[in-house]
Amino acid sequence: MNCQETRRRLDDYLEGDLGSDESRALERHTDGCDACRRELAETRRLLDEALGLRVGLQPGRELWGDIEARLEPRRAPLAGAASRWLAGLVPPGGGLRWAAAGATLAGILVATLTLVGPSSVRRSVPNPVLRPGATTALSVATAGQRQAAAAEAPIFQVRRDLAATLEGADATLDPVTVREVERNLAILDEATGEIRAALEDQPSSIHLNRLLASQYQMEAEVLRRLHRL
Amino acid sequence: MPRELQPERSDERLVRLAQKGDTAAFESLYRSNLQRIYALAMRMLRNPSAAEEATQEVFVRAWERLRSFRRDSLFSSWLHRMTVNLILDQLRARQRFDERFVEEPEAADLKPARQPRHPPAAARLDLEAAVALLPEQARMVFLLHDVEGYRHREIAGLLEIAEGTSKAHLHRARRQLRKDLAR
Ligand SMILES: [Zn+2]
């Protein structure tokens, strides 16, 4: 390998892109050629210094205030209410309390929960009387929203029946159980409301629509568990 | 993804919180990434106020897109790439990219930073100044390749040039820098 070739291949050599034969040929040349050896050493030193430029620089002024002022407030669909709801789903000893809901509640639920199976996803008529907000989700017909709305429909029925059960059962059910169920439903409502509010800001957000749909699925799941107990 | 970036475990937790809307967590992410992002912007744009604006824009954009961030990648790398893309977009949008290629840098733009946290070593100051003097594309390629660790293939994609062109720019940049730093 001569000087010209060596200079031309130096970058590839440093990049590790030369084959072993070529690398050895280049090294043989630089071993015997002062000029090329110096070129290689200088380039290596430059690369070392270049890595030194990776250190950060401090801007001349504080930028956070302006940035913060431009951050759109973000609803936190699963941060607050939903995580509390999930926590409430399996509370310490909660299984026992759910169990106390007893046969009355389960008896009512058994009829409605059958609506929540996979086949019911095709149902697409939510109950606008119960939840006027549902029409908002339906007015923009993204796939995610249709999915969410479809998942929503049977839930409304379940909720209505559950609410009616709780109302009518107040006298007979363990008050602790009733409060527990009501508390969980309230948290659940809050979480759903947060997702819905976020959806109004970003109606086409696939992420939010999926969240909403999964929220309903989780809701169905908790009601199924309630039913099983 | 740039080579040699260490995973930042603490970022993961902060990203999760910020994705849920926690601005305090996002501010922490901002603080820990600010200097690298600003330095990159500064070296790409060579102008402190333009670099500050770009930095702000990057973090605002990061907030808006945080939900799309995949947690299996590094937040710093994600932010980094967003910065490069944003600045290159800006330069293209102003349709000055090609003109800048031959534009003489303004003397005022050569100062590396107004208030570096640690006073840079003398050699680095020299290199900063020499880098700022490079023609636009050679500078971009040098910064992305030799400073930030991008591969030619990635740089070619970012700059919308051929891989061979990226290599040629790097070769030219290195030769020029060695000449300018000759001592
Ligand atoms: Zn030689």
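All values reported here derive from a predicted model rather than from experimental measurement. Per chain, numbering begins at 1; letters A, B, ... match sequence-line order.
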* To do: Go through the atoms of D17(A) and report whether side chain, backbone, both or neither lie under 4.5 Å from a heavy atom of chain B.
  => side chain
* To do: Name the region of R8(A), side chain, backbone, both or neither, that has any atom closer than 4.5 Å to a heavy atom of chain B.
  => neither
* To do: Using non-hydrogen atoms and a 4.5 Å limit, figure out which bit of F142(B) sits close to chain A: side chain, backbone, both or neither.
  => side chain
* Could you tell me which portion of R175(B) (side chain, backbone, both or neither) has an atom closer than 4.5 angstrom to a non-hydrogen atom of chain A? => neither
* To do: For Y30(B), enumerate each residue passing the ring pair (Phe, Tyr, Trp, His ring centres under 6.0 Å) test, keeping only those at least two apart in sequence or located in another chain.
  => W64(A), F59(B)
* **Exercise: do R36(B) and S76(B) side chains pair donor with acceptor under 3.5 Å** => no
* Is any side-chain heavy atom of Y38(B) less than 4.5 Å from a side-chain heavy atom of P48(B)? -> yes
* Any donor-acceptor N/O pair, Q19(B) side chain to L66(B) backbone, under 3.5 Å -> yes
